[in-house]
Amino acid sequence: QVQLVESGGGLVQAGGSLRLSCAASGRTFSSYAMGWFRQAPGKERKFVAAISWSGGITYYADFVKGRFTISRDNAKNTVYLQMNNLEPEDTAVYYCAAQFGRVGSYHDYEYDYWGQGTQVTVSS
């Protein structure tokens, strides 16, 4: 069982930056690939980025490539999402998710555990 708690969301102007964190409970964090997804009001949840258990493999949605960076610190049981050059279209609730024993995925149904989400609002 893994519990995930996101933090770092907030209100930022377009062009600004935020760093989201997702802290995981449990002693087996390094066994999980981690992903970030987002859901805007009235829209479906979308994949943002993912990282393998070792951090050696990363995946990004096309719309964040070059702006967002996913990373992890297994000693701290934490995964991060650095978001730069934010746009109003990035406004959403951002969720982290954990996938046991795999290298990450674009598909939300392949993740085993989810956090409660953190709101990111980008003003124009």
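Residue numbers count from 1 along this sequence.
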When rounded to the nearest 0.5 angstrom, what is the spacing between [atom1] in [X] and [atom2] in [Y]?
X	Y	atom1	atom2	result
Arg19	Met83	CZ	CE	11.5 Å
Cys22	Gln116	SG	CD	11.0 Å
Ser52	Met34	OG	CE	12.0 Å

Do [X] and [Y] have side-chain heavy atoms sitting under 4.5 Å apart?
X	Y	answer
Asp90	Phe68	yes
Ile51	Tyr32	no
Asn84	Gln82	yes
Leu4	Tyr95	no
Thr91	Gln119	yes
Lys76	Phe29	no
Arg38	Val120	no

For [Y], is there any backbone N or O sitting under 3.5 Å from a side-chain donor or acceptor partner on [X]?
X	Y	result
Asn74	Trp53	yes
Arg72	Gly55	no
Glu6	Cys96	yes
Tyr60	Ile70	yes
Glu110	Gln99	no

Linked, directly or transitively: [X] and [Y] (ILVMFWY side chains, under 4.5 Å):
X	Y	answer
Val5	Leu20	no
Tyr106	Val103	yes
Leu81	Val93	no
Tyr80	Val64	no

**Report entry** Phe47-Tyr59 aromatic ring centre distance below 6.0 Å
**Finding:**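 No - the distance between ring centres of Phe47 and Tyr59 does not fall below the 6.0 Å cut-off.
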
Query raised in the report: Is the number of heavy atoms from other residues, nucleotides or ligands under 6.0 Å of Glu87 CD greater than 12?
Result: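 It does: Glu87 CD has more than 12 such atoms within range.
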
Query - Minimum heavy-atom distance between Pro88 and Ser124, given as atom pair plus value - result: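 Looking at all heavy atoms of both residues, the closest pair is CG-CB, 3.8 Å.
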
Query raised in the report: What pair of heavy atoms forms the shortest contact from Ala40 to Ala92, and how long is it?
Result: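 That would be N-CB, 3.8 Å.
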
Query raised in the report: How far apart are the C-alpha atoms of Val2 and Phe100, what are their side-chain angles, what is the distance that settles it, and do they pass the side-chain contact (heavy atoms from CB on, under 4.5 Å) test?
Result: CA-CA 10 Å; Val2 175; Phe100 179 73; over 6 Å; no

Query raised in the report: Should the pair Tyr111 and Phe37 be assigned to parallel (<30°), tilted (30 to 60°) or perpendicular (>60°) ring geometry?
Result: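 Correct class here is perpendicular.
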
